Amino acid sequence: MPEGPSIVLIKENLQRFVGHTITAVSGNAKFEKDWLVNEVLLGIKTFGKQLYLVFEKAVLRTHLLLFGSYSIDEQTKPEKSLRLGIWFDSGSIFFYTCSVKEVEHSYLTEIDWQADVMSDIWDPKKAVRKLISLPDTLVCDALLDQQIFSGVGNIIKNEVLFRIGVQPESLIGDLPTAKLNQLIAEARNYSFDFLNWKRDFVLKKHWLVHTKSNCPICGERLIRKHLGKTNRRCFYCLKDQKRY
DNA sequence: AGGGTTGTTAGGGG
DNA sequence: GCCCCTAACAACCC
């Protein structure tokens with residue numbers, strides 16, 4: 001669920017509640033929730049893996065972390081503990097196992113929206129500038145840096161590195177300019193492929209290396225290793241991905 | 001069946 | 001203050 005494109009899909013699915021008024025709220029989220037009743041959902045924004053529900057009085061910031069989930073119009077009483085439930089006359093939204101916080105409107109103006117790979121105003125040139133300031137960073141860590149590639153998660157990371165033929169332990173500073181530009185272009189491009197495949201429930205079958213055992217090009221065994229400061233799983237091919 | 005994970009934050013030690 | 005490590009979170013997949 002939790003990488004950037006999945007959050008864009010949540011936004012799409014919740015769009016029908018925009019303009020609707022809250023009738024009740026519940027859940028174990030640790031913030032005062034009573035003010036939400038009678039508030040109108042004014043809009044929904046995403047930034048990377050975060051989803052923002054905008055109201056007049058304040059904004060709710062949700063992040064699904066690793067295990068989070070949500071549901072719309074769930075009929076049966078949930079067995080798992082409800083983090084936040086929002087009821088409208090027209091239906092309901094439930095969030096589970098996620099971080100939910102109340103933030104002020106000013107929080108949204110502080111965000112570097114151009115850093116979101118899914119955004120209409122995604123700025124690849126800005127990403128180049130950020131990357132060249134971090135020459136000693138491993139590419140696998142750089143892709144997961146939410147200040148640079150907001151929305152990119154571990155799946156996107158592995159698939160992007162395979163697509164551009166770069167091993168995860170390569171240093172940013174050792175990549176030729178063309179390869180650096182390819183990295184940035186593919187971070188966005190793959191994220192949109194991810195979005196479309198996820199929307200059609202066929203994401204997993206398009207994975208080329210993530211959780212896979214063998215290289216789809218040469219058939220050799222893939223390397224599976226936790227790497228970098230982020231220490232996240234990397235899947236890569238020694239032959240078809242170059243170590244710079 | 002049970003360990004690992006599509007992720008982030010807080011806190012502590014050095 | 002920065003870097004690095006650990007714990008917490010507590011669901012689901014293979």
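Numbered from 1 within each chain, the chains take letters A, B, ... in sequence-line order. Just so you know, these numbers come straight off a predicted model, no measurement behind them.
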Original post:
Atom CG of A:L144 to atom C1' of B:dT5: distance rounded to whole Å?
Top reply: 13 Å
Original post:
Does A:R83 place a side-chain N or O at less than 4.0 Å from the phosphate oxygens OP1/OP2 of C:dC9?
Top reply: no
**OP:** Report the distance from atom CG of A:L65 to atom P of B:dT6, rounded to the nearest whole Å.
**Re:** 14 Å
Original post:
Any side-chain N or O of A:R232 less than 4.0 Å from the OP1 or OP2 oxygen of B:dT8?
Top reply: no
Original post:
Using a cut-off of 4.0 Å on non-hydrogen atoms, how would the nucleic acid contact of A:K101 be classed: base, sugar-phosphate, or nothing?
Top reply: nothing
**OP:** Taking only the side-chain nitrogens and oxygens of A:K204, find out if one of them lies under 4.0 Å from OP1 or OP2 of C:dC14.
**Re:** yes
Subject >> Under 3.5 Å on both distances, the Watson-Crick or G-U partner of B:dA1 >> reply: none
Original post:
Is the distance from OP1 or OP2 of B:dT6 to the nearest side-chain N or O of A:H210 less than 4.0 Å?
Top reply: yes
Original post:
Is B:dG11 paired to anything, Watson-Crick or G-U wobble with both distances less than 3.5 Å, and if yes, which nucleotide?
Top reply: C:dC5
**OP:** Tell which nucleotide pairs with B:dT6, taking only Watson-Crick or G-U wobble pairs whose two distances are both under 3.5 angstrom.
**Re:** none
Original post:
Just how far, in rounded Å, is P of B:dT6 from CZ of A:R224?
Top reply: 10 Å
Subject >> Nucleotide B:dG7, atom P - distance to CZ of A:F47 in whole Å >> reply: 15 Å
